[in-house]
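Report on the following structure.
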Amino acid sequence: MIGVSQMIIAKRFLQRSSLAFLLLLFFVLTPVFSDDWVLGAQKFTFVTSATPVGVEQIATLLPQLILEQISTGSTRVLPTNEVLSRTLDSLQTERLSLFLQLSKEYKTRDALAVNVYSSRKLLKQIAQEEEKIKEIEAKIEENLSKVESETSSHQAAIEREEAISRGELLSDDSSSEEKRFPFQLPFPFFRQSEEEERVSETIALYKNDLSALFTPSEAALAEGIDSRTFEKEVTQAKINGLLSGSIVSYGDYIAVTVDVHLFPGAKNVATVTDVGMKSDLLSLAERLSRALTPKLTNALPLVVHIQILPQEAAQKALLTLDGIVFQPIPRELSVDAGIHTLSVAAPGYESVSTSYLFEGREQYDMKVSLVPEVKGVLSLRLKKLQNGIFYANGGDAAPVTVDEPVGQIFVNGKAVMGIFTTGKGESETSSFIYVPARLAKEENQLVVNAKPYDRAANIDKRRRRMYTAYSALICSLPVTFYFVGNFTAVNNAYAMGRADYEDAIAWQNRMYISLGVTAVCGAWTIFELFRYLRAANEVLPAEAHKDKKES
């Protein structure tokens with residue numbers, strides 16, 4: 001019969017075993033990914049043998065400025081060949097470790113003939129070493145087979161990406177009408193490709209420090225960036241991408257060439273050259289980083305299919321993509337992944353513009369619905385006539401006088417925010433006006449209750465008066481509390497026959513007077529608070545309404 005202590009031990013064992021099994025299952029089934037793609041930079045070098053005088057700091061400052069300009073919050077879509085390079089490098093490291101173990105076991109087996117004198121014991125230990133050698137050789141063979149399988153399995157994806165990078169965009173027929181939204185927006189972008197999502201990592205800086213530069217050893221520098229020694233130091237620093245550069249200096253100008261190498265593999269994926277002034281390194285760093293960013297984020301080309309509605313507008317519309325104008329608008333455009341600014345304009349229609357992040361897919365649909373442009377002139381007058389000028393739309397001026405009480409304002413069907421001013425110089429006062437979109441139409445006759453005066457001075461005045469009333473209320477409270485307390489004490493004493501009637505009446509009168517003063521101060525405070533809030537509310541623009549007199 002099992003004892004209680006044995007049952008407790010068995011229960012604890014099962015609990016711990018279950019927990020261990022769950023933890024093991026979690027780590028086995030959860031894929032291991034690197035959260036960050038680390039970008040580093042090393043000190044740039046001057047092409048000339050002797051560094052020019054006065055520019056020694058540029059070699060250190062310029063890579064730091066470039067790192068500062070590169071967005072570390074962006075993501076890098078890992079190309080298949082980079083993923084394959086990491087896998088092959090990991091397998092290579094494993095093979096080297098296995099080979100070292102194999103050499104150790106071979107040396108141990110060969111040394112047995114010298115150290116072991118018993119033939120039976122010698123044969124037994126040799127057999128044991130042979131088993132270890134076979135196990136290691138089997139692991140090496142398995143490793144080599146993994147290299148072949150990984151290479152062959154990634155080959156198709158690598159060829160596809162290389163074709164895309166050459167501009168040979170591969171179409172797919174996965175787009176369908178049911179993927180489209182049932183409504184139209186000025187710029188609804190529809191992703192068309194449904195291929196498997198690619199691995200992406202967040203770009204981070206080396207040591208998370210803008211000023212930290214990677215410093216290789218003298219031996220690595222001597223052997224070069226393509227050497228195994230240099231690559232080993234970079235990978236040990238956990239750097240995935242390294243910026244290196246060379247500088248040529250003539251007079252006040254420098255030419256900078258920046259290379260981007262990916263590790264492992266030391267593959268050069270980008271080379272950018274630009275010229276700038278020594279006194280304006282920040283602008284030069286901005287241009288270089290702008291050119292490097294698409295390479296760092298692996299911005300492969302993609303296709304944007306364009307459709308302009310209505311057809312009348314499409315025939316005369318023009319498209320602007322990052323400052324480049326296209327007319328007539330092509331049915332599709334090839335662009336790099338990343339953020340692009342697009343705008344569409346057509347005569348007689350309102351222009352539309354947007355910025356959009358294109359990434360992760362190969363094809364997009366861009367459908368632009370243009371709205372006919374509305375133009376006209378409306379009439380606007382003051383509810384209480386004053387001489388002044390209506391300003392609207394950033395420049396239109398419509399003066400109003402006693403002889404001409406109505407001003408003319410140009411409208412396009414959108415809400416109008418304007419201002420009415422009166423006087424000049426120090427005597428000038430103004431009031432904001434607002435015409436809602438529903439009234440901003442041609443030939444409308446509107447009236448606005450604009451009151452031009454110094455609102456800031458009025459708010460300050462009302463605030464001071466509110467504080468004065470509030471201060472009077474606060475000052476009256478101690479006196480009121482004093483008289484109320486004394487009257488309560490005297491009244492209780494009179495009820496018990498310990499105080500005079502006249503004394504109780506005197507304290508009662510004082511209490512009533514103090515309560516009256518406090519009540520007046522409270523009402524004054526509320527009144528001034530209301531006036532202060534009303535003065536603050538006057539800052540809001542006066543809204544125009546239809547002129548009933550004219551209609």
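For the single chain, residues carry numbers from 1 onward in sequence order. Please read all numbers here as calculations on a predicted model, not as lab measurements.
Within 6.0 Å of CG in D209 there are more than 12 heavy atoms belonging to other residues, nucleotides or ligands. In the displayed structure, K451 atom NZ is contacted under 6.0 Å by at most 12 heavy atoms of other residues, nucleotides or ligands. Annotation for E543: atom CD counts as buried by contact number, over 12 foreign heavy atoms lying within 6.0 Å.
Formation of a donor-acceptor pair under 3.5 Å by the D274 side chain with backbone atoms of L288 is not found in this model. In this structure a side-chain-to-backbone donor-acceptor pair under 3.5 Å is present from S514 to M511. Checking side-chain atoms of N537 against main-chain N and O of L533 turns up no donor-acceptor pair under 3.5 Å. At least one donor-acceptor pair under 3.5 Å links the side chain of T525 to the backbone N or O of A469. Checked by atom type and distance alone, the side chain of Q64 pairs as donor or acceptor with a backbone atom of S211 at under 3.5 Å. Side chain of D36 to main chain of I203: no donor-acceptor pair is present (N/O by atom type, distance under 3.5 Å, no hydrogens or angles). Of the possible polar contacts, none joining the T518 side chain to the L477 backbone as a donor-acceptor pair under 3.5 Å is found. Judged by distance alone, with hydrogens and angles left aside, the side-chain atoms of R287 form a donor-acceptor pair with the main-chain N or O of V275 at under 3.5 Å. Using modelled atom types, one side-chain atom of N492 and one backbone atom of T488 make a donor-acceptor pair closer than 3.5 Å.
Put simply, NE2 on H305 and CE on M366 are 11.5 Å apart, with the number rounded to the nearest 0.5 Å. In this structure, CD1 on I459 lies 9.0 Å from CD on E538, to the nearest 0.5 angstrom. A distance of 10.5 Å separates CG of D280 from OH of Y253, quoted to the nearest 0.5 Å. Atom CG of L529 and atom CD1 of I526 lie 8.0 Å apart (nearest 0.5 Å). For the atom pair CD (E332) and CD (Q363), the distance works out to 7.5 Å, reported to the nearest 0.5 Å. Summarising the geometry, atom CG belonging to D547 is positioned 11.5 Å from atom CG belonging to L378; distances are rounded to the nearest 0.5 Å.
By the 30° and 60° cut-offs, the orientation of the rings of Y206 relative to F214 is perpendicular. Classification of the Y501-Y494 ring pair by plane angle, with boundaries at 30° and 60°, yields tilted. Ring geometry, Y356 versus Y364: the interplanar angle exceeds 60°, so the pair is classed perpendicular (tilted spans 30 to 60°).
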**Item:** Chi angles and distances behind the side chain to side chain contact (heavy atoms under 4.5 Å, CB included) call for S431, R455
**Value:** CA-CA 9 Å; S431 174; R455 285 168 168 73; 3.2 Å; yes
**Request:** Apply the test side chain to side chain contact (heavy atoms under 4.5 Å, CB included) to residues V411 and N444: give CA-CA distance (whole Å), side-chain angles for both, the deciding distance (0.1 Å), then the verdict.
**Result:** CA-CA 10 Å; V411 292; N444 264 358; over 6 Å; no
**Request:** Give the intermediate values and the outcome of side chain to side chain donor-acceptor pair (under 3.5 Å) for residues E528 and Y532.
**Result:** CA-CA 6 Å; E528 292 298 339; Y532 170 71; over 6 Å; no
**Request:** For L242 and Q42, run side chain to side chain contact (heavy atoms under 4.5 Å, CB included): C-alpha distance rounded to whole Å, both residues' side-chain angles, the deciding distance at 0.1 Å, then the answer.
**Result:** CA-CA 7 Å; L242 182 67; Q42 65 179 109; 3.6 Å; yes
**Item:** Stepwise side chain to side chain contact (heavy atoms under 4.5 Å, CB included) check, H340 with L321
**Value:** CA-CA 7 Å; H340 296 281; L321 172 65; 3.9 Å; yes
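A cation-pi arrangement is absent between R510 and Y512 under the rule of less than 6.0 angstrom and at most 45 degrees off the ring axis.
Between F390 and V448, the closest side-chain pair of non-hydrogen atoms falls below 4.5 Å. When side chains are defined from C-beta on, F326 does not count as touching I306, because their heavy atoms never get closer than 4.5 Å. Q69 is listed as a side-chain neighbour of L282, based on a closest heavy-atom distance under 4.5 Å. Residues F44 and I66 form a side-chain contact, since some pair of their non-hydrogen atoms from C-beta on lies under 4.5 Å apart. Proximity of V479 to V517: side-chain heavy atoms (C-beta onward) are nowhere separated by under 4.5 Å. Residues S353 and T341 meet the side-chain proximity criterion, which asks for heavy atoms closer than 4.5 Å. By the 4.5 Å heavy-atom criterion applied to side chains, P541 and M417 are counted as neighbours. No side-chain heavy atom of L342 sits less than 4.5 Å from a side-chain heavy atom of V368.
Residues A392 and I409 approach most closely at CB-CG2, 3.9 Å, considering heavy atoms. Scanning all heavy atoms of the two residues, the minimum distance from V344 to I308 falls at CG1-CD1, 4.1 Å. The heavy-atom pair separating K441 from R438 by the smallest distance is CE-O, 3.4 Å. In this structure, N387 and T422 approach most closely via the heavy-atom pair O-OG1, 3.0 Å. Considering every non-hydrogen atom in both A397 and I389, the closest pair reads CB-CG2, 4.1 Å. The two residues I419 and S430 come nearest to each other via the heavy atoms CD1-CB, 3.7 Å.
When the ring pair (Phe, Tyr, Trp, His ring centres under 6.0 Å) test is applied to F432, no partner is found at least two apart in sequence or on another chain.
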